[in-house]
Amino acid sequence: MDERITKEIFYGEVLENKLLVGEVYDMTFKAPKEVQKARAGQFLAIYTGNPSMLLPRPISICEVDIVQGTFRVIYRVAGHGTAELAKLKPGDSLRVLGPVGTAFKVDSKHTNFALVGGGIGTPPMLQLAKKIRNQIPHAYISVYLGFRSKFQVILENDLMRYANEVVVATDDGTMGIKGNVIDTFPPDPNFDVIYSCGPSIMLKFLSQYAQERDIPCYVSVEEYMACSVGACLACVVKVKSKTDDDGWDYKRVCMTGPVFNSKELEWK
Amino acid sequence: MDERITKEIFYGEVLENKLLVGEVYDMTFKAPKEVQKARAGQFLAIYTGNPSMLLPRPISICEVDIVQGTFRVIYRVAGHGTAELAKLKPGDSLRVLGPVGTAFKVDSKHTNFALVGGGIGTPPMLQLAKKIRNQIPHAYISVYLGFRSKFQVILENDLMRYANEVVVATDDGTMGIKGNVIDTFPPDPNFDVIYSCGPSIMLKFLSQYAQERDIPCYVSVEEYMACSVGACLACVVKVKSKTDDDGWDYKRVCMTGPVFNSKELEWK
Amino acid sequence: MKLNINIAGIEWKNPVTTASGTVNSGKEYSPYVDFSKLGALTTKSVSAKPWKGSQTPRIAETYGGMVHSIGLQNPGIDEFIQRDIPYFKKLDTAIIVNICAREENDFVEVARRLEEASGIHMLELNLACKSDDLGGFRFAQNTKWTESVLAKVKKVTNLPVIAKLTPNVTDIAEIAKAAEAGGACALSLINSVSAMRINIETRKPILASAMGGLSGPAIKPIALRCVYQAYKAVNIPIIGMGGIMTGEDAIEFLMAGATAVGVGMAHFINPRAALEVIEDIEAYMEKHGIDDVVELTGAAH
Amino acid sequence: MKLNINIAGIEWKNPVTTASGTVNSGKEYSPYVDFSKLGALTTKSVSAKPWKGSQTPRIAETYGGMVHSIGLQNPGIDEFIQRDIPYFKKLDTAIIVNICAREENDFVEVARRLEEASGIHMLELNLACKSDDLGGFRFAQNTKWTESVLAKVKKVTNLPVIAKLTPNVTDIAEIAKAAEAGGACALSLINSVSAMRINIETRKPILASAMGGLSGPAIKPIALRCVYQAYKAVNIPIIGMGGIMTGEDAIEFLMAGATAVGVGMAHFINPRAALEVIEDIEAYMEKHGIDDVVELTGAAH
């Protein structure tokens, strides 16, 4: 065999799993070996532990602490599977596949970074901010966050640990600027690069925005997943293709993504 | 509505759940209200708690403690469902339907009682012995137990609390008499009545034995169950019938049984 | 908020009934649940003569379900009428009597007897019954057999006749159309899915009958698909069933095209399941501002 | 203890393969599991031209399973040969290439191409494929279509051809016989069961294609029944699959009549599932004193 077995399912020990806001939970669990491999932008496929719900749930890595050997994930209870995760208590065991997927690439030539988080797409921005700050101490990191209302706002303070500024927008104006997250951008942005994760409609507008201004833009996208390793072809997204007759082809979010250059995506 | 809602699923709190011998577990759980209704011979339909195994497991009541408000059940890990029960720890909650089924009837005119337990059929004999002792203080209670070997023997000491004698037989002779449980009976038995629970082959021979000697004999039988309340007709057993053309009819173990007069059963 | 529905002139106070065979005639579960709160009570199958049913074991658990071959054990129509009809009269719900038979004539015979009896509101033909006349196949595995038996039963009764169909067919839509053509007032979809389990210690099928029907949440997606396909094919109402455990499950069936739903195996896990399904549907309607439950029927098309 | 089997002259070192479509061509899972330890590796379906597959969402979870409509996305036979055959050559296991097509000629065409390629040991025809030529039905929903396509493919290849059949039929036995008559060296049973889920918030089917195939432990009892019925009907070996999660599941399939088994969705829960199935079968044989795994085949009959 030329192939070596380098990956396996692992078990994490839950240290904390607390309600943050609304239906959003903040979980920290220990997995000292696996945190070493994790990179900002990747995700974990977390099993529910309930035998009636067999598929793992793809959940972005919010933060890794190499010293403590812990992963932090922030997830919304969107269905019965994530509701099972919300039941986990400190000391419980968590079955996980990963980290999987592509990471946000950070170019050391860049200085001005825009990190844009929409709702429950915000968590991966934290590890990304941390990574940028470590890699480029002089970086100017602007974080723009959009939520439905002030009751959904998460990670604002955590992000301030690494960002130079954190600007919040809410749909209903109960916090920060009333409007969508792009409304919070400065009129003449000097962004070298934009990174984002959030609802696809937000990513689409952001992509347009970036393209008009010729700013590199990387987005993390979501799709229903089964295997999380690239085998089942469930979680595909349309990506532009020069060789394909239709001009696009399906790529796997879990393998080629979840982070894509927004220019490569075929936005409908 | 003329019917009143008198029954419901209940939750017990596990106080103890320990390995007794081999794959046999001894569990005590609290359910103060429901123990009041329990009678010797009845069983509980206990849910596994695992959503992939939906049906409750019928498990005989071994002992009830009205003062403590506890049920004691002894069960063998015979499959994945009972394996789930074996995982329960003190403080865990247990979902239960019951007590259901018919009880052993004890006639106060009787004095000499033979209680015959075969293997994992032994547990209900304990609550029965207790009931007889309470109802008939002068009763002479002989308990005959059959097991494969000494490593399977259970409840011998518990039964001595109520019985005048406990005689054990093992298939391999590692404890007590070598042979089957009927071999341990006295040559001229003065049994007023026999009660039994155990493998169907044992019950069949016992029934024959009792009938030859004209001794009333009550046996608790087993069958695969689904609803446990008499609705689904899964757990039927052949019972003699005078009106039926074949001479027998199916009766529900969960409703007409599990305790039957052995004369009524159609033994194949 | 309107929860009541009307199928072929019969008023149900809500769109929930029992799936035939899971609660017998209702009596055994009556200490646990008040069936008068349901839209209808569907009985276990009754045949012309008493049927003893299958040998045991009759059930085997499966992942998220169970396979069963009860063999339609029932006391026959005579005892049924004597034993159960007085009980039905105490209930304040529509009574649907399910009929099983091994030949057309027996379906007709039982329907005739029930026509004469009182206190029955609808009939349901169990067309998943196998027949020697049909080479061991089921009535509802063939369009002609399906249409024929329904047409004959319709001749002897004024009661609305529901056709309960088997999913064990290549094309449920054509069978659904045949049932409609035969005069069915509604379809019950689905009966259990042909299946089995094997005991690897004894090396034998667990069921004495080897094969049986699979029920439970495991089959819900199959049942939904059948309802969805039949809804496109016919104009008569559909009573959806197969693995419904919760109100969410029931609402999926309504959206797939069902006008009402049947709760079956869920009773074995929670005797109050059907009532909770009604409560859940009500809560969903309230939350989503739905005034009439029929608005949900077919909403996913 | 003999774990190896032989199907149509092809030696498998043990009776376990992958179910088509669950591990693609094997590469993605190779960091997690060594497929050389399996008896065979069965690939995802490949078609004559590239297929883009279904719109998303392509999957929806169900109780004990999932419904999926990937739409057989694949790069077509040209890229398949170029991309995957070099990888197969590094594996020490029998390679079974699954073929999908919307018309007979395309099955033939892909089989011809694979005949020319090297490093392939068996072909498997995905006869659950739908065809416009067949009024939207599946090849294996009709005995004539089944027999015909197999016979045509057999003409252009010397490779043994396995027929993978759909359970969505009235009578699996007659389809099995047709496949045998058409020259299939073995049957793969079963493909997924037609099913669906509905999102009650959006009021739409979850899958973009509305309906899809149900896989996972939920369908195991249905698959076992199909294997059991086919085993009675044909003399060719059967590769049993559908919801196998453990060695116990696999042994049920063997006893129902399978000579080998396919592990599918279990990979998504445990990438090592197929290896653990092999280990479990070995342990069972040791415990029960079984010298040759073929002794288990059909033991429940």
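All heavy atoms count here, side chains included; hydrogens, waters and symmetry mates do not.
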Are more than 12 heavy atoms from other residues, nucleotides or ligands located less than 6.0 Å from atom NZ of K232(D)? yes
Taking T297(C) for its side chain and G257(C) for its backbone only, find out whether a donor-acceptor pair lies under 3.5 Å. no
Ranked by heavy-atom pairs below 4.5 Å to chain C, first place among H288(D), K204(D), H301(D) goes to H288(D)
Charged N to carboxylate O below 4.0 Å: is that the case for R272(C) and E279(C)? yes
Taking every heavy-atom pair that is under 4.5 Å apart, which of A223(C), A299(C), S194(C), P217(C) has the most such pairs with chain D? S194(C)
Given a strict heavy-atom distance threshold of 4.5 Å, which part of A210(D) is in contact with chain C: side chain, backbone, both, or neither? side chain
Heavy-atom pairs under 4.5 Å with chain C, option from P205(D), G216(D), P167(D) with the top count: P205(D)
All heavy atoms of H68(C) vs all of S192(C), minimum pair found to be CE1-OG, 3.7 Å
Nearest heavy-atom contact between E104(C) and W145(C) is OE2-O, 4.4 Å
Heavy-atom proximity to chain C below 4.5 Å, by part of L214(D): side chain
Output yes when E61(C) and R197(C) qualify as a salt bridge under the 4.0 Å nitrogen-oxygen rule, no when they do not. no
E295(D) backbone acceptor or donor facing D292(D) side chain under 3.5 Å: no
Look only at the side chain of S54(D) and the backbone of G71(D), and say whether a donor-acceptor pair between them is shorter than 3.5 Å. yes
If you count heavy atoms of other groups shown closer than 6.0 angstrom to CD of E201(C), is the number above 12? yes
Contact part of Y284(C) toward chain D, heavy-atom cut-off under 4.5 Å: side chain, backbone, both or neither? side chain
Note: vs chain D, highest number of non-hydrogen pairs under 4.5 angstrom among V193(C), N168(C), T170(C) is T170(C)
Please rank V227(D), N142(D), V169(D) by heavy-atom pairs under 4.5 Å with chain C and give me the top one. V169(D)
Tell me, side chain or backbone of M255(C) under 4.5 Å from chain D's heavy atoms, or both, or neither? both
Heaviest contributor of heavy-atom pairs below 4.5 Å to chain D, chosen from L224(C), I222(C), I200(C), is I200(C)
Checking D249(C) side chain against T246(C) main chain: does a donor-acceptor pair fall under 3.5 Å? yes
Of the listed P221(D), G65(D), C226(D), the one with the largest count of heavy-atom pairs under 4.5 Å with chain C is P221(D)
Test: K2(D) and D291(D) ion pair at under 4.0 Å: no
What residues of residues 125-139 of chain C sit under 4.5 Å from chain D when you count only heavy atoms? F137(C)
Is the shortest distance from a Lys or Arg side-chain nitrogen in K177(C) or E147(C) to a carboxylate oxygen in the other one below 4.0 Å? no
V67(C) versus chain D, the contacting section by heavy-atom distance below 4.5 Å: side chain
